[in-house]
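In what follows, every chain begins at residue 1, and chains take the letters A, B, ... in the order their sequences are listed. FYI, side chains are in, hydrogens and waters are out, and symmetry mates aren't considered; it's all heavy atoms of this structure.
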There are 2 protein chains.
Amino acid sequence: MQDKKKIPKSAVSRISLYLREVTRIEEDGRDRISSAELGDYTGLTDAQVRKDLSHFGQFGISGTGYDVSKLKTAMRQILGKDNIWPIVLAGVGNIGSALLRYPGFKSQGFFIKEAFDSSRKKIGRRFGDITVKDIKDIGDIEKDKSIKIAILAVSLEGAQQVADMLVASGVRCILNFAPCVLKVNNGVVVRNIDLSNELENFSFTLSQPAMLKNGTEIS
Amino acid sequence: MQDKKKIPKSAVSRISLYLREVTRIEEDGRDRISSAELGDYTGLTDAQVRKDLSHFGQFGISGTGYDVSKLKTAMRQILGKDNIWPIVLAGVGNIGSALLRYPGFKSQGFFIKEAFDSSRKKIGRRFGDITVKDIKDIGDIEKDKSIKIAILAVSLEGAQQVADMLVASGVRCILNFAPCVLKVNNGVVVRNIDLSNELENFSFTLSQPAMLKNGTEIS
DNA sequence: CACTGTGAACCCGTTCACAGCA
DNA sequence: TGCTGTGAACGGGTTCACAGTG
């Protein structure tokens, strides 16, 4: 199953969830887990779990379930978590600086390697072992071929322009916190984190009782 | 079309995008816009725009397009943006405090009315006009019936327990930054913002060339 | 016997295409 | 004529159900 058929992007997102649980399960010393149990932990059905995994290969043992450590290894490999992924951060405001201080991703194989801002006040400031540089020099990252991922946390006004610079410098994936739709070349992947948008989904739900069908949702 | 048929949740999310653009368009002094142009701004097709709007009513004029101010009014009403939505924040760490300082939502009709943390260091600290309270007292928000939305920015360990307290206190919608799947009663809506998950989607894309089909995606 | 892997059925959001209206 | 509103067709992700296997 490894090839040919395209994989739903939502399946990839769920693999992250499974990996998280499987990692925890392994730390608990367990060595086997069924699709049903993994489904319980992630709020999904057993069939969904099996179907998702089946896109990538056959990891289970009939009548027994999955070998925890084998499954973990496989999923880490699928998600590229055996590499370390350097990230460039553009924008060191409220959110940007929270991310710089956030210990969460380092443990997950991601780390912010460069940070840029346009404000005189921010440039030169240090966070741990990285120093904020002038956003005008963001093109310098082109020299560092390992940087393929950017976090864009600049203001709305600068977002598109900075995105263009990032893409021109070799960035392939952008996590965008600015409240706008970025226009990027084909082949560049953008994921948006739009807090107002999220909250507006809530205010809709609260304002329009029972217009929407399902309650909980993933990511 | 106002009733009976269920509305795709993704359509609601897109209404946010449309509203943003329409608001901008109005500020530019324009008074009409077509579905095609709105589609350009949001990276969607004209048909998608029309279909989304059609779920909520008929706002357009055949042969002419949409009246900008009427459309804006309608979409604001749909999303409940004529109300002001108080929010409770649980967890004033890196992300929580960034959100407390973030001016973005106030302008969007959302504001953090209460903030809680478990750390001695944080309790009592002031951010603007709100004071961080002890998370043990989070049940106090039950008295404030207007609080229906929570932002959960506590550590993984505390997340489920705090979520339970929030729900018990009347919260109906939770924006969850903790990297876990919350178990909540039916009727409570959770949206997850999981940064590691987002980045893992990138590392997958970069590791597994061409296994996924589409490039850019919304929210 | 329990649980996986998977074709087939189902469901639902998106896209199409065109009738209808200003 | 130009653009909306929408039923119908389409596509693809999810669910079902069961054959297959350790």
Modelled atom types, side-chain donor and acceptor of Gln160(B) and Lys183(B), under 3.5 Å
no
Distance alone, cut at 3.5 Å: any donor-acceptor contact between the side chains of Asn197(B) and Ser13(A)?
yes
Considering just the side-chain nitrogens and oxygens of Ser10(A), establish if one lies under 4.0 Å of OP1 or OP2 belonging to dT14(D).
yes
Under 4.0 Å between a side-chain N/O of Gln58(A) and OP1 or OP2 of dT21(D), yes or no?
no
Within the pair Ser54(B) and dG7(D), is there a side-chain N or O less than 4.0 Å away from OP1 or OP2?
no
Could you tell me the separation between the NZ atom of Lys9(A) and the P atom of dG12(D), rounded to a whole number of Å?
11 Å
Leu53(A) CG to dG13(D) C1', straight-line distance once rounded to whole Å:
16 Å
Compile the donor-acceptor pairs under 3.5 Å between side chains in residues 166-180 of chain A and protein atoms, sequence neighbours left out, one pair per line.
unit_1: Ser169(A); atom_1: OG; unit_2: Met165(A); atom_2: O; d: 2.8
unit_1: Asn176(A); atom_1: OD1; unit_2: Ala178(A); atom_2: N; d: 2.9
unit_1: Asn176(A); atom_1: ND2; unit_2: Ala178(A); atom_2: O; d: 3.1
unit_1: Asn176(A); atom_1: ND2; unit_2: Cys180(A); atom_2: O; d: 3.2
unit_1: Asn176(A); atom_1: ND2; unit_2: Asn192(A); atom_2: OD1; d: 2.8

So is Arg24(A) actually on top of Tyr41(A)'s ring, under 6.0 Å and inside 45° of the axis?
yes
From the candidates dG13(C), dA8(D), dT6(C), the one with an atom nearest any side-chain atom of Pro8(B) is dG13(C)
Base dG13(D) to side chain Lys6(A), donor-acceptor N/O within 3.5 Å cut-off
no
In whole Å, I'd like the distance from the CZ atom of Phe56(B) to the P atom of dG5(D).
14 Å
Rounding to an integer number of Å, can you tell me how far Arg14(A) CZ sits from dT15(D) P?
8 Å
Residue closer to the 5' end of DNA chain D, Ala47(B) versus Asp52(A) (nearest nucleotide):
Ala47(B)
Do Glu200(B) and Ser16(A) pair up side chain to side chain, a donor and an acceptor below 3.5 Å, judged on atom types alone?
yes
Nearest whole angstrom, please: distance from the P of dT14(C) to the CD1 of Ile7(B).
13 Å
Please tabulate, one pair per line, each protein N/O and nucleotide N/O from nucleotides 1-3 of chain C that are separated by under 3.5 Å, including the distance.
unit_1: dC3(C); atom_1: O4'; unit_2: Gly63(A); atom_2: N; d: 3.4
unit_1: dC3(C); atom_1: O2; unit_2: Gly63(A); atom_2: N; d: 3.0

Solution key, residues 95-106 of chain B side-chain donor-acceptor pairs under 3.5 Å, sequence neighbours excluded:
unit_1: Ser97(B); atom_1: OG; unit_2: Gly93(B); atom_2: O; d: 2.6
unit_1: Ser97(B); atom_1: OG; unit_2: Asn94(B); atom_2: O; d: 3.4

Let me know, please, whether Gln48(A) or Lys51(B) comes out on the 5' side of the other along DNA chain D by nearest nucleotide.
Lys51(B)
Spacing of Phe59(B) atom CZ relative to dA22(C) atom P, expressed in whole Å
17 Å
To the nearest Å, how far apart are Asp46(B) CG and dA17(C) P?
12 Å
Would you say that more than 12 heavy atoms from the other residues, nucleotides or ligands in this model lie under 6.0 Å from the CD1 of Ile84(A), or not?
no
Here the distance between atom C1' of dC12(C) and atom NE2 of His55(B), to the nearest Å, is 10 Å
